[in-house]
Structures are given as C-alpha cells and as structure tokens.
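Keep in mind that the numbers below use all heavy atoms, side chains included, and drop hydrogens, waters and symmetry copies.
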Amino acid sequence: MKIKAFKAALPHTIPIAIGFLFLGMSYGFYMRSNGFSFVYPMLMSMFIFAGSMEFVTVNLLMSAFNPVAAFFLTLMVNARHLFYGISMLDKYKNVGWKKPYLIFGLCDESFTINCSVTPPPDVDKGWFMFFVTLLNQSYWVIGATLGALLGYIIHFNTKGIEFVMTALFVVMFINQWEETKEHKSALIGLGASVFCLLLFGSSNFIIPAMALIILMFTLIRDRKEAK
Amino acid sequence: MTVTQQIITIAAVVLGTMVTRFLPFLVFPEGKTPPKFITYLGTVLPYAVIGLLVIYCLKDAVFSSLHCLPELIAITFIVVLHKWKKNTLLSIAGGTILYMFLVQVVFV
C-alpha cells in the first residue's frame with residue numbers, strides 16, 4: 001500500500017524537486033555567505049518549512065532581537081496558510097496519525113498538489129498526500145543543506161547575493177499579478193508598505209504596514225457589504 | 001544576537017508558522033464553517049503580503065546614497081525577462097546575477 005502510494009506521488013513532485021533544490025540551495029548558500037553554519041539552514045528548513053519566511057528570518061537574525069515582532073511578521077507572511085488549511089479541512093479528514101504531519105507540511109506546493117490531484121482509486125489517499133508532503137519537504141531540506149555546504153567550498157565575491165530574496169518576491173508578485181484581474185490587494189500591499197516605510201523608517205515600518213493593510217481590507221470589505 | 005536569542009527568534013518564527021497552519025484545523029473541527037471575514041482575509045492577504053515583502057527587501061536601499069537605483073534596474077530586468085520567458089527560476093537567477101554585477105562592478 002505504501003509503495004503504491006509512493007509511486008503515485010513521486011511523478012507529481014518532480015517539478016517541485018527542481019524548483020525546491022534550486023531555491024533551497026540559494027537559501028542555504030545565502031545563509032552561509034552571511035556566516036551561518038550549515039546547521040541553521042538545515043534545521044530552519046526542517047522546522048519552519050516556509051520558504052519566504054526562512055529568507056526573511058535570515059534578516060531577522062541579523063537585526064536587533066525582537067521575537068514578538070518576528071512572531072507577528074510570520075503570522076502575516078504565512079497568513080495564506082490559513083486559507084490553505086480552510087480548503088483542506090475536508091481532504092485531511094480520516095487520515096489518522098498522518099494528519100498532524102500533513103498540516104505541519106502544508107506549504108504552497110504540497111497544497112497545490114494535494115488539493116488538485118486525485119490519486120487513482122486503488123491508491124490510499126492518506127499515504128498519497130503523506131508522500132507528496134514528505135517528498136516536497138525532503139527536496140527543500142536537502143537543497144538548503146547542500147547550498148550551505150557548497151558555501152564552504154565555493155568562494156567568490158558574494159556581494160549582492162541577498163538580492164536573490166528580492167528577486168524571488170518580485171517574481172512571485174508578477175506571477176500573482178497575472179493570475180488575477182483584481183489588482184487591488186496587490187496594490188494595497190505595495191502602497192501601504194511604501195507609505196509606512198517613508199513615515200516610520202526602515203526598522204519600524206513592518207507592524208504599522210501590516211495593521212494598515214488589514215485596516216484597508218476591512219474598510220473595502222465593509223463598503224462592499226454596504227452596497 | 002547571542003545563540004540563545006537566535007534560537008528564540010527561530011522558535012517565534014516556527015510558532016507563528018505553526019499557528020497559521022494548525023489554526024483552521026483546531027478552530028473548525030469536522031463540519032464547522034469558518035467566519036466569512038477569515039475566509040476573506042485568506043483570499044486577499046496573499047496578494048498584499050508579497051508586495052509588503054518586496055518593500056521589506058528594499059527597506060534599507062531606499063535610504064542609501066543610491067536610493068534603490070541598482071535594485072530598480074535589476075527589478076525592471078526581472079519584470080521584462082519574466083514577461084518574456086515566463087520562467088521563474090531563470091528570472092530569479094538572471095536578476096540576482098545582474099544585481100551582483102551592478103553592485104560589484106558598476107556602482108562601486
């Protein structure tokens with residue numbers, strides 16, 4: 001039963017493997033180039049397992065100690081998981097002990113596969129989703145660790161390599177932009193952030209920006225409801 | 001930051017991530033429907049947060065002497081390359097390499 005589910009899951013994860021190995025390696029290499037031991041990206045990719053937030057955490061680790069702000073920033077950055085969870089309430093029913101792991105490993109890519117792919121009728125659904133999640137996480141952890149290890153061997157002028165994080169978010173922004181005709185949300189995110197950055201300065205703008213974004217969404221929603 | 005402070009910071013991030021992943025399953029066990037406002041935030045926040053993250057990445061560059069010039073050049077390049085080739089990994093790699101070239105060779 002397990003082998004069958006593994007064989008059904010594997011092909012769906014191959015495109016993810018390529019992307020995760022590449023991005024994971026950039027992340028590991030980036031951490032190493034900032035002087036962190038390979039243990040950091042290895043454990044962080046294992047326990048946080050939320051790519052964007054792992055990149056952001058590198059910055060957090062290099063700024064002033066503020067775990068409360070780190071916690072709230074994480075809630076915002078990963079708020080989309082709430083939506084994934086709500087969509088998976090039904091699918092993750094009746095899978096036994098695998099359920100906590102499925103929830104723990106609910107990243108964008110595992111969500112995409114598990115919510116859109118229906119395994120063949122002779123394959124156990126729980127094991128299928130388990131292997132999708134496990135394989136995806138393995139690619140990410142292996143990539144991050146390998147990237148950091150490469151950082152010990154390969155030496156070149158890494159000045160500017162931190163831009164890999166900016167590039168990642170810019171590409172995600174374009175992908176999301178083209179996915180929908182409704183650009184209000186994206187523009188609110190950009191606008192509120194720029195406004196708060198200029199008003200509060202670079203070290204204090206994140207929390208006001210998050211508050212402003214939620215406030216604006218609440219306001220446009222109320223207006224919509226009133227119509 | 002000391003190692004202890006680093007561990008606490010990472011733990012805060014782990015905890016935050018776990019809250020976002022487990023909360024729906026804890027609050028809505030079998031059969032309960034989530035309130036509309038939460039579902040609504042779940043649909044609109046992802047788009048806004050990526051914008052926030054882009055600005056977060058640029059936060060220090062804005063106030064530097066070059067005022068984001070190399071960043072804006074690299075971002076423009078990424079937008080053009082991504083519209084043209086539509087290859088996520090290529091756009092990320094291309095943009096990063098161009099940026100590294102800009103800050104190492106052009107704007108020294």
Side-chain angles (χ1 to χ4, degrees), chain A residues 19 22 44 47-50 52-53 56-57 60-61 65 67 70-72 74-83 85-86 89 92-93 103-104 106 157 159-161 163-176 185-186 188-190 193-194 197 202 205-206 209-210 213 217 221, chain B residues 1 5-6 8-25 28 30 34 37-60 62-63 71 74-75 78-79 82-83 88-89 91-93 95-96 99-104:
Chain A
F22 173 82
M44 283 163 65
F47 290 111
I48 304 175
F49 190 45
S52 327
M53 200 51 219
V56 173
T57 308
L60 295 179
L61 289 176
F65 179 58
F71 175 77
F72 283 108
T74 311
L75 288 187
M76 284 291 289
V77 172
N78 289 332
R80 66 188 188 287
H81 294 147
L82 292 169
F83 176 59
I86 290 166
L89 287 172
Y92 284 177
K93 263 185 203 165
I103 300 172
F104 166 81
L106 189 54
N157 188 350
K159 189 177 175 205
I161 195 155
F163 196 75
V164 68
M165 177 162 87
T166 318
L168 168 73
F169 295 141
V170 169
V171 171
M172 284 165 77
F173 189 87
I174 304 170
N175 285 342
Q176 283 189 340
S185 310
I188 285 179
L190 271 187
S193 307
V194 172
L197 175 62
S202 62
F205 86 103
I206 279 278
M210 294 189 295
I213 288 170
F217 279 139
R221 182 168 182 265
Chain B
M1 236 190 243
Q5 288 178 331
Q6 288 182 336
I8 294 171
T9 305
I10 295 171
V13 174
V14 172
L15 184 71
T17 307
M18 289 309 117
V19 167
T20 60
R21 285 192 176 144
F22 279 88
L23 198 64
F25 295 89
F28 312 110
E30 331 262 299
F37 186 67
I38 299 294
T39 333
Y40 164 72
L41 278 188
T43 53
V44 290
L45 268 188
Y47 295 97
V49 167
I50 300 297
L52 169 72
L53 287 178
V54 170
I55 303 304
Y56 176 79
C57 289
L58 301 174
K59 67 178 164 48
D60 296 311
V62 172
F63 301 103
E71 285 78 8
I75 288 175
I78 293 173
V79 173
H82 198 64
K83 289 255 177 197
T88 297
L89 299 182
S91 307
I92 295 174
T96 308
Y99 181 79
M100 289 174 73
F101 174 77
L102 288 175
V103 294
Q104 288 180 19

*asked:* What part of B:Phe63 gets within 4.5 angstrom of chain A, counting heavy atoms only: side chain, backbone, both, or neither?
replied: side chain
_Would you call the rings of B:Phe25 and A:Tyr92 parallel, tilted or perpendicular, taking 30° and 60° as the class edges?_
parallel
*Looking only at atom types and distance, does a side-chain atom of B:Gln104 sit under 3.5 Å from a main-chain N or O of A:Gly160, one as donor and one as acceptor?*
no
*List for me each residue that meets ring-ring contact (aromatic ring centres under 6.0 Å, His included) alongside A:Phe173, sequence neighbours excluded, and say none if there are none.*
A:Trp177
*Taking all atoms of both residues into account, what is the closest heavy-atom pair of A:Phe104 and B:Arg21, and its distance?*
O-NH1, 2.7 Å
*Which bit of B:Tyr56 comes within less than 4.5 Å of chain A, counting heavy atoms only: side chain, backbone, both or neither?*
both
_Among A:Ala167, A:Gly85, A:Ser185, which residue has the highest count of heavy-atom pairs closer than 4.5 Å to chain B?_
A:Ser185
_chain A contact via B:Leu23 - which portion, at a heavy-atom distance below 4.5 Å_ = side chain
_Proximity breakdown for B:Val62 and chain A, heavy-atom pairs closer than 4.5 Å_ = side chain
_List the residues meeting ring-ring contact (aromatic ring centres under 6.0 Å, His included) with A:Phe163, not counting sequence neighbours, and say none if there are none._
B:Tyr99
*Toward chain A, the part of B:Phe37 with a non-hydrogen atom under 4.5 Å*: both
*Under a 4.5 Å heavy-atom cut-off, does chain B meet the side chain of A:Phe22, its backbone, both or neither?*
side chain
*Say whether, by atom type as modelled, one donor and one acceptor occur between the side chain of A:Gln176 and the main chain of B:Ile50 under 3.5 angstrom.*
no
*Side chain, backbone, both or neither: which part of A:Ile174 has a heavy atom under 4.5 Å from chain B?*
side chain
